[in-house]
Amino acid sequence: MDDNQLTRPFVAPDKKSALACEDVSLEGLARRYGTPLYVYSAGHMAARLELFESAFSVVPHLVCYAVKANSTLAILELFVRRGAGFDVVSGGEMERVLAVDRWAAARTVFSGIGKTAAEMDLALRAGILQFNVESEGELELLAERAAKVKKRARIALRVNPDVFAETHPYISTGMREHKFGIDIRRARAVYRKAGKWLEASGVSVHIGSQIQSAEPFGAAAERVAKLVAELRRDGHAIRYVDAGGGLGIEYHAEKAFDAEAQVARYAAALIPVVRKLGGVTLLLEPGRFLVAQAGAILTRVLYVKKNGTRNFVIVDAAMNDLIRPALYQAHHEIVPVGPRRGKRTMVADVVGPVCETGDFFARDRGLPPVKPGELLAILDAGAYGMSLASNYNSRPRAAEVLVEGKRARVIRPREKLEDLLVLERDALRK
Ligand code: LLP
């Protein structure tokens with residue numbers, strides 16, 4: 001995989017050719033499997049994981065892929081095969097990891113502010129690596145459940161370091177007023193309450209998502225390191241520092257982005273802190289960085305119309321397939337799959353068929369003139385795309401295809417309408 005593919009895997013070999021994913025034609029995939037269609041490059045995901053592995057190779061570490069970014073089983077399997085661990089935030093995500101490889105539990109951390117007793121029991125029985133505990137109430141319940149199922153659990157408190165990270169307000173998490181974690185100033189007192197069924201083995205932190213600069217990660221790690229030193233003095237054998245996820249990517253094609261340099265900066269911010277502490281394994285929870293740019297949605301243009309002065313390109317994918325533009329005003333590049341034509345551009349809103357004004361993929365976007373029937377690719381959709389998809393407007397969720405070299409296989413078939421109705425049919429009066 002060359003450098004270009006490492007950054008963006010959906011490329012045309014030259015101006016006269018159509019877009020491909022690895023060695024597979026996107027037009028061919030759309031014809032065979034229909035649209036909207038999620039397509040992922042396995043090689044790209046593997047290469048991204050490898051970037052992490054090599055950047056952190058100088059310290060003991062474990063990459064725990066954040067399952068929420070894309071939880072499709074074949075993708076978890078791809079990471080399991082390469083030795084990754086997982087970060088899960090629900091019993092459902094835990095079950096997904098177990099379905100792929102039950103031994104992967106030993107490399108799984110469980111985060112989230114609302115773990116239920118049933119979810120704790122599942123993770124305790126599976127023997128996970130660490131619970132990232134986010135409140136005193138949770139600590140008490142976990143101690144109770146551990147005693148009940150007779151499984152000792154390793155815990156880290158997820159501390160809130162009060163570090164500001166420049167990102168969208170909905171995905172910033174490390175400030176005191178956010179709902180996440182435990183105020184770092186109170187952490188020592190809470191660790192003291194661990195009791196005999198819980199082993200205080202780590203400290204965890206996660207300051208937010210889509211963070212482009214390495215600086216806040218370093219600042220948070222420094223604060224965590226200070227706490228680790230104090231906890232060790234208090235007698236806790238802290239062996240894990242979980243630095244969370246959050247490393248950002250570049251969604252704008254015109255802005256330069258070097259994935260390798262991005263990880264290198266991130267590693268440079270974290271590694272010295274870990275080295276200075278000594279005796280710890282660094283846990284990392286990247287989600288987006290590993291899968292976002294590996295994925296695209298293929299969608300067909302249904303209609304092109306003009307209302308007043310605005311042009312609308314109506315496509316067959318919608319906000320139920322990819323909600324990021326509607327929810328975070330996120331930017332996704334949209335490109336025609338066919339060979340590139342002249343420079344003439346139209347300015348249009350690219351919208352889906354859902355009955356909401358918020359159902360758009362782009363506004364005032366410059367595009368080459370497109371016609372009904374034409375295939376477009378919405379790029380960088382591998383993270384928080386399918387995992388946030390819904391059945392709104394009773395739209396079956398899209399199929400997913402994983403490409404490996406010349407091979408493409410369906411890893412989740414397109415939902416059928418009957419899949420959507422089946423749970424409700426029994427309620428009909430006969
Ligand atoms: N660890 C924890 C505890 C998290 O809460 C998250 C993301 C991650 C790891 C992974 O973060 P990443 O490396 O992917 O940035 N739906 C939003 C992103 C929500 C992120 C939630 N937590 C989006 O589409 O931008």
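No experiment lies behind these values; they were computed from the predicted model shown. In this chain, residues are counted from 1 in sequence order. Counting convention: from 1, in listed order, for ligands and their atoms alike.
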* **Distance filter under 4.0 Å to Pro286 heavy atoms, resulting ligand 1 atoms** =>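 Per the distance check, 13 (O).
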* Identify, by atom number and element, the atoms of ligand 1 in contact range of Gly246, meaning under 4.0 Å from any of its heavy atoms. =>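 Counting atoms of ligand 1 from 1, those under 4.0 Å from Gly246 are 11 (O), 12 (P), 13 (O), 15 (O).
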Is a side-chain donor-acceptor pair under 3.5 Å present for [Y] with [X]?
{"X": "His61", "Y": "Glu53", "answer": "yes"}
{"X": "Asp359", "Y": "Tyr392", "answer": "no"}
{"X": "Asp242", "Y": "Asn132", "answer": "yes"}

* To do: Just need the protein heavy atom nearest to atom 17 (C) of ligand 1, so name the residue and atom and give the distance.
  =>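 Protein heavy atom with the smallest distance to atom 17 (C) of ligand 1: Tyr328 OH, 3.0 Å.
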* To do: Could you tell me the residue and atom name of the protein heavy atom closest to atom 1 (N) of ligand 1, and the distance to it rounded to 0.1 Å?
  =>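 Result: Glu285 OE1, 2.6 Å.
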Just distances here: any N/O of [X] and N/O of ligand 1 closer than 3.5 Å?
{"X": "Leu388", "value": "no"}
{"X": "Arg324", "value": "yes"}
{"X": "Arg158", "value": "no"}

* For ligand 1, is there an atom lying under 4.0 Å from some heavy atom of Lys68? ->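 Flag set, Lys68 near ligand 1.
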* Asked: Should the pair Lys115 and Phe110 be classed as cation-pi, given the thresholds of under 6.0 Å to the six-membered ring centre and 45° from the axis?
  ->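 Yes, cation above the ring, under 6.0 Å and within 45°.
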* Asked: Once the angle between the rings of Tyr65 and Phe79 is folded into 0 to 90°, is it parallel (under 30°), tilted (30 to 60°) or perpendicular (over 60°)?
  ->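 The arrangement is tilted - the two ring planes meet at 30° to 60°.
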* Distance flag, aromatic centroids of Phe289 and Tyr266, threshold under 6.0 Å ->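 For Tyr266 and Phe289, the ring centres are not under 6.0 Å apart.
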